[in-house]
2 protein chains.
Amino acid sequence: MSRTAGSSGAKTLAAIREAGLQLIYEHGYEAMTLRRLARKVGLQPGSLYNHIATKQELLFDLIHNHMITLMESLDKALEGHTNPVESLKAFTAFHLTYHIERKREVFIGSAELRSLDPENREIIVGLRRTYEDRLCAILEAGVASGDFIAEDVRVAAYAILAMLTGICTWYDPGGRIDRKALIRIHEQLVLDGVTKNR
Amino acid sequence: MSRTAGSSGAKTLAAIREAGLQLIYEHGYEAMTLRRLARKVGLQPGSLYNHIATKQELLFDLIHNHMITLMESLDKALEGHTNPVESLKAFTAFHLTYHIERKREVFIGSAELRSLDPENREIIVGLRRTYEDRLCAILEAGVASGDFIAEDVRVAAYAILAMLTGICTWYDPGGRIDRKALIRIHEQLVLDGVTKNR
DNA sequence: TATAAAAACGAACATACGTTCTTTTATTTT
DNA sequence: AAAATAAAAGAACGTATGTTCGTTTTTATA
């Protein structure tokens, strides 16, 4: 056999991306073999190389795409909010929603950082830093306006991010807890953490 | 050559454990090769099998040991506390301290869960559940006594654990932030999250 | 001190990996 | 319709992996 009827580059690449995402999420980058990936897509191992340059490049593509989308979505979600309290609520809601919806991408984006080549890793770490900075800016604005109290803005930001991101390691969208309730509870937790009198 | 002068089973096993811990922490279980591990310990690859049964068993040993120690230490730390507020503070301080001191074990204990054989994984998941239950019990006691308010105890517990555990992914013991300050800040964050009027 | 056990070496094993290359067939372009 | 390109197959590559085995030397036991 050779080229399959109905085969199209764009469709196959999309299938490779989706299957790769799932396999890396399930087993990790190192544990995912290209043979397994090929089988899942319905190809021979060698045929993958008509669409990807290398296994490493596939990983970077997945993470990089995710980070770009994350940043763009965040900036859209924060648009129009000037009040620090409202901004923080918007950030919390966005972060939770996005991290629940893109559970796999988020997980890979942090767990497989170490599997990236140094140059690739640096790019991703830079993007992540930019994301953290958005939260820091909100907290700083709130401290300046007197709405928030935070002993150390960066510590508070990391604590908040850790708490929110941790959610998607156990949250089950089809489970007992409603998503809106989850967001409400965490908005409150986050706000209380930076507003209560000390 | 053959058996080295001064070689002792216990010492070599300890060296293998320590080197394995470090290598798995740095590169992940799948990415750690037994040849690399052997080189780090100063052995030939085959000689490892005088001390471990298999690569998988080494991973399980490391994680299992960690979980057992974690539980014992927690119960010691909670001993004598009856007041829910004090218990929660003690839990927070213990969790942070332990997770900072045993950064590597903690990381491996969650990141490499998926690298465990199903039977091994089940054992670890059970132990982890027991740990979470300790926190839930404290929160429930606090709700019953009127000290805490929590819409959903399990959600609150997971949020707290996620926040606290997330710390050890970025906290640098030699860095800008003092450990005692870190504990103080988080005790407050945690308490605020479950005590403030809604 | 003789004997058994432990701990190391070093070679070898089957297997699996990421990747390359040639060939064949389908699709697109001219 | 012919030519060029794209996408697949399938075999092969060198290399690395976890593990086993027979041998040798050191330590512990009797």
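So you know, we letter chains A, B, ... as the sequences are listed, proteins then strands, and number each from 1. Just the heavy atoms: all of them, side chains too, but no hydrogens, waters or symmetry mates, feed the values below. This structure is a prediction, so every number in the text was calculated from the model and none was measured.
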So which nucleotide from [options] ends up closest to the side chain of [X]?
| X | options | result |
| --- | --- | --- |
| A:Lys55 | C:dA8, C:dT19, D:dT17 | C:dT19 |
| A:Arg35 | C:dT19, D:dA8, C:dA12 | C:dT19 |
| B:Thr33 | C:dC9, D:dT17, D:dT19 | D:dT17 |

Does [N] have OP1 or OP2 sitting under 4.0 Å from an N or O in the side chain of [X]?
| X | N | value |
| --- | --- | --- |
| B:Thr12 | C:dA7 | no |
| A:His51 | D:dA6 | no |
| A:Gln44 | D:dA8 | no |

**Message:** Determine whether a donor-acceptor pair (one donor, one acceptor, N or O, separation below 3.5 Å) exists between the side chain of B:Ser47 and the base of C:dA7.
**Reply:** no
**Message:** So for A:Asn50 and D:dA6, does any side-chain atom that can act as donor or acceptor lie under 3.5 Å from a complementary atom in the base?
**Reply:**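 Result: no qualifying N/O pair found.
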In whole angstrom, what separates [X]'s [atom1] from [N]'s [atom2]?
| X | N | atom1 | atom2 | answer |
| --- | --- | --- | --- | --- |
| A:Glu30 | C:dA16 | CD | P | 18 Å |
| A:Leu34 | D:dT15 | CG | C1' | 15 Å |
| B:Arg36 | D:dG18 | CZ | P | 12 Å |
| B:Glu57 | D:dT19 | CD | P | 10 Å |
| B:Met32 | D:dT17 | CE | C1' | 12 Å |
| A:Tyr49 | D:dA12 | OH | P | 19 Å |
| B:Leu43 | D:dT19 | CG | C1' | 15 Å |
| A:Ile52 | C:dT20 | CD1 | C1' | 14 Å |

**Message:** Walk me through whether A:Arg179 and A:Leu96 qualify under side chain to side chain contact (heavy atoms under 4.5 Å, CB included).
**Reply:** CA-CA 9 Å; A:Arg179 210 186 64 188; A:Leu96 279 182; over 6 Å; no
**Asked** Is there a donor-acceptor contact under 3.5 Å linking the side chains of B:Thr165 and B:His95?
**Response**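 B:His95 and B:Thr165 do have a side-chain donor-acceptor pair below 3.5 Å.
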**Message:** Would you say A:Gln22 and A:Glu26 are linked by a side-chain donor-acceptor pair, where the criterion is simply a distance under 3.5 Å?
**Reply:**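 A donor-acceptor contact under 3.5 Å links the two side chains.
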**Message:** By the 4.0 Å heavy-atom rule, please label A:Leu48 as base, sugar-phosphate, or nothing.
**Reply:** nothing
**Item:** Non-hydrogen atoms of A:Ile63 and A:Gly109 that approach each other most closely
**Value:** CG2-CA, 4.1 Å
**Prompt:** Between B:Glu187 and B:Lys180, is the closest basic N to carboxylate O distance under 4.0 Å?
**Reply:**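 Looking at B:Glu187 together with B:Lys180, the answer is no, because their closest N to O distance does not fall below 4.0 Å.
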